[in-house]
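In this text the structure is predicted, and so the values were computed from the model without any measurement. Reckoned from all heavy atoms, side chains included, excluding hydrogens, waters and symmetry mates. All residue numbers refer to positions in the sequence shown, counting from 1.
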Amino acid sequence: MNPAQGAFADDLRARLPAPAFRALEPRYTEEPRGRWAGQGGLLVAPGSTDEVADLVRACAAARVPIIPYGGGTGLVGGQVSGDLAAPVILSLERMNRIRDVDPVENALVAEAGVILQNVQEAAAEADRLFPLTIAAQGSARIGGMLSTNAGGVNVLRYGNARDLCLGLEAVLPDGSVLRGLSPLRKNNTGYDLRHLLIGAEGTLGIITAATLKLHPRPAHTGAALLQVRDPQAALALLNMARDRIGEGVSAFELIGRMGLDFLTETMPEVRLPLGQPDWSVLIDLGLGASGDPQAALEALFEEAHAAGLVAEGVIAQSEQQRADFWTLRESIPAANRKVGAVSSHDISVPTAAIPDFIAEGPGVIAKIGTFRINCFGHLGDGNLHYNVFPMPGQSRADHEGQRDAIKRAVHDLVHAHCGSVSAEHGVGRLKVADLERYVDPTKLAAMRAIKDALDPAGIMNPGAVLRAEA
């Protein structure tokens, strides 16, 4: 690998227009959790797919590594270079146009640098819904979300980013352009390269634009916060809700007591309608014109209460109260950051295994030391955020030497329950060793073969997902 310096940098400045070059601010070499940092490099922000292709061709010819950069919100170090010296940091922020919105086709074409919230707003203007929703939707960009196959709160009903993408435009490692923005739902003309690039975290190419799937906007929405006996009761309630309400269940979030304690400790302005029960769920509905979310939630509560699954609950009486429920849920990660986790885990297990996993976790952690555990997440798709915190009066710095042991213990338990150590945040650089430890060796070998075939020089985000070869 060669650095993006000297004659190469001069040649690149001659090939691309001046607006493509920007000063390298600290945000381009840092990530939100402070676990990874870059060593600098040449920041380039192309304004078009042709400019991206020109840049990649130049890097391929000179064997200069490329680190793709979207919104910088990734939590596994995929957007920073680590110890790689002077790469090209390729920012997609100038490619921020929504090229087309077609409410008849139920499709929207967005460039990779479009912020998620802007996609949601453009869909709403066409009386459509783009349902991908995450806490960082005001800064996360579409290219990065597709590259990590982002999830969020609505996966239960609408699927991951992969399920919301109909087509891709991307620049491959040799600088050729894959033009696949068709909105077709059925297209069986060979390998689906779209799904190869989604989730590849920029290691197989640079996504420059995507055709995204839109949905009808629900005519009526509703939400409820319900206190449940335990995670097993929450799972039974989820199945009851889906049996009674069907696809109208948009989200089903499990909330543990520790998350509410952290809100009280660090963000007392956030209202807790149920107080601080050991376990509660937030259920969100989106129904058609003939639906009545409040009636559906009232009926669900009555049946669940009679079955001993639910002790008490609050059903939103207005859209503002529904929004307040979601403010509570979405404030938990912010409270976590204020407390400071020793080790955070984005994991998934089969939904039937969730109660056992949650029951066994504290015993596994107790073998390492005394900690607080905040377990919460997207119960409907099996994705839990299982985070381990110091006791009051201590900081995460006091336990830095135990972080690897905690992560190993949690991930071993996940693996024992046939789960995944990366549910929705990707692999990045943080989980490369985990991939090698837990993923089927045949799959890992196939991934390496694909990487070598498409990117033989290894210039595309080296060290992310797969260990960089010497």
Side-chain angles (χ1 to χ4, degrees), residues 106 108 116-117 119-121 123-124 126-137 140 145 149-165 212-226 228 234-255 273 280-301 303-304 310 313-333 348 351 354 376-385 423-424:
N106 281 307
L108 179 153
L116 172 58
Q117 185 171 323
V119 172
Q120 295 169 337
E121 292 169 353
D127 195 29
R128 293 293 182 268
L129 174 72
F130 185 65
L132 186 57
T133 302
I134 63 172
Q137 62 195 34
M145 299 193 69
N149 188 29
V153 300
N154 290 325
V155 171
L156 172 65
R157 180 171 184 176
Y158 297 104
N160 292 297
R162 181 184 304 280
D163 303 299
L164 295 168
C165 180
L212 304 173
K213 184 188 299 185
L214 304 182
H215 289 264
R217 295 184 66 78
H220 303 290
T221 57
L225 273 172
L226 305 177
V228 293
L235 187 59
L237 178 62
L238 169 63
N239 292 328
M240 181 183 290
R242 299 195 78 179
D243 286 345
R244 304 298 182 270
I245 306 172
E247 293 304 310
V249 181
S250 299
F252 197 98
E253 298 290 296
L254 180 68
I255 301 171
S280 56
V281 298
L282 169 56
I283 179 171
D284 197 87
L285 304 186
L287 304 180
S290 60
D292 185 340
Q294 188 159 350
L297 289 167
E298 288 172 355
L300 177 66
F301 174 82
E303 183 175 356
V310 173
V314 181
I315 297 173
Q317 301 299 304
S318 66
E319 188 60 29
Q320 181 57 56
Q321 193 173 19
R322 173 175 174 251
D324 290 344
F325 290 173
W326 277 108
T327 295
L328 183 159
R329 164 59 181 86
E330 291 168 354
S331 296
I332 292 175
S348 64
T351 53
I354 285 177
F376 67 103
H378 319 307
L379 184 67
D381 55 47
N383 177 197
L384 297 176
H385 300 294
E424 63 177 357

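Not counting sequence neighbours, R217 has no partner by the salt bridge (charged side-chain N to carboxylate O under 4.0 Å, His left out) test. A search for salt bridge (charged side-chain N to carboxylate O under 4.0 Å, His left out) contacts involving R322 returns D284, E319, not counting sequence neighbours. Legend: residues meeting salt bridge (charged side-chain N to carboxylate O under 4.0 Å, His left out) with E253, ordered by chain and number and at least two apart, are R329. Annotation: side-chain hydrogen bond (donor to acceptor under 3.5 Å, both in side chains) contacts of N149 (sequence neighbours excluded): none. In this structure, the salt bridge (charged side-chain N to carboxylate O under 4.0 Å, His left out) partners of R242, at least two apart in sequence or on a different chain, are E247.
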Checklist entry - Which is it for Q321 and V314 under the side-chain contact (heavy atoms from CB on, under 4.5 Å) test, yes or no, and what are the steps along the way? => result CA-CA 10 Å; Q321 193 173 19; V314 181; 3.7 Å; yes

Next on the checklist: Quick one, I354 with L384, criterion side-chain contact (heavy atoms from CB on, under 4.5 Å). Give me CA distance, side-chain angles, the key distance, then yes/no.
Outcome noted: CA-CA 9 Å; I354 285 177; L384 297 176; 4.2 Å; yes

Checklist entry - Does the side-chain contact (heavy atoms from CB on, under 4.5 Å) test come out yes or no for F376 and L254, once each step is laid out? => result CA-CA 5 Å; F376 67 103; L254 180 68; 5.9 Å; no

Item to check | Working for side-chain contact (heavy atoms from CB on, under 4.5 Å), residues N383 and V155 | outcome: CA-CA 10 Å; N383 177 197; V155 171; over 6 Å; no

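Across all non-hydrogen atoms, the minimal contact from V228 to A234 is CG2-CB, 4.0 Å. For the residue pair P273 and L328, the shortest heavy atom distance occurs at CD-CD1, 3.7 Å. When all heavy atoms are compared, the tightest approach of F325 to A224 is CE1-CA, 4.0 Å. The two residues A241 and V249 have their closest heavy-atom pair at O-CG2, 3.9 Å. Contact between P218 and T221 at its shortest, heavy atoms only, is CB-CG2, 4.2 Å. In terms of heavy-atom proximity, L282 sits nearest to A223 at CD1-CB, 4.3 Å.
A donor-acceptor distance shorter than 3.5 angstrom exists from the side chain of E424 to the backbone of G152, with no hydrogens or angles considered. Judged by distance alone, with hydrogens and angles left aside, the side-chain atoms of N239 form no donor-acceptor pair with the main-chain N or O of A236 at under 3.5 Å. Panel note: side chain K213, backbone N106; no donor-acceptor pair is recorded below 3.5 Å.
Annotation: the span from Q117 atom CD to T133 atom OG1 amounts to 10.0 Å, rounded to 0.5 Å. Rounded to the nearest 0.5 angstrom, N154 CG and S250 OG are separated by 6.0 Å. Here CG of L156 is found 10.0 Å from OG1 of T351. Values are rounded to the nearest 0.5 Å. Taken to the nearest 0.5 Å, the CG atom of L235 stands 8.5 Å off from the CZ atom of F252. Atom CG of L225 is separated from atom CD1 of I255 by 6.0 Å, given to the nearest 0.5 angstrom. For the atom pair CE of M240 and CG of D243, the computed distance is 8.5 Å after rounding to the nearest 0.5 Å.
At least one side-chain heavy atom of L287 sits less than 4.5 Å from a side-chain heavy atom of I245. Proximity of V119 to L108: side-chain heavy atoms (C-beta onward) are separated by under 4.5 Å at one or more points.
Under the 6.0 Å cut-off for aromatic ring centres, H215 and Y158 qualify, their centroids lying closer than that.
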List the atom pairs, with distances to 0.1 Å, where a side-chain N or O of residues 288-301 and a protein N or O form a donor-acceptor pair under 3.5 Å, not counting sequence neighbours.
from	atom 1	to	atom 2	distance (Å)
D292	OD1	Q294	N	3.3
D292	OD1	A295	N	3.2
Q294	NE2	Q317	OE1	2.9

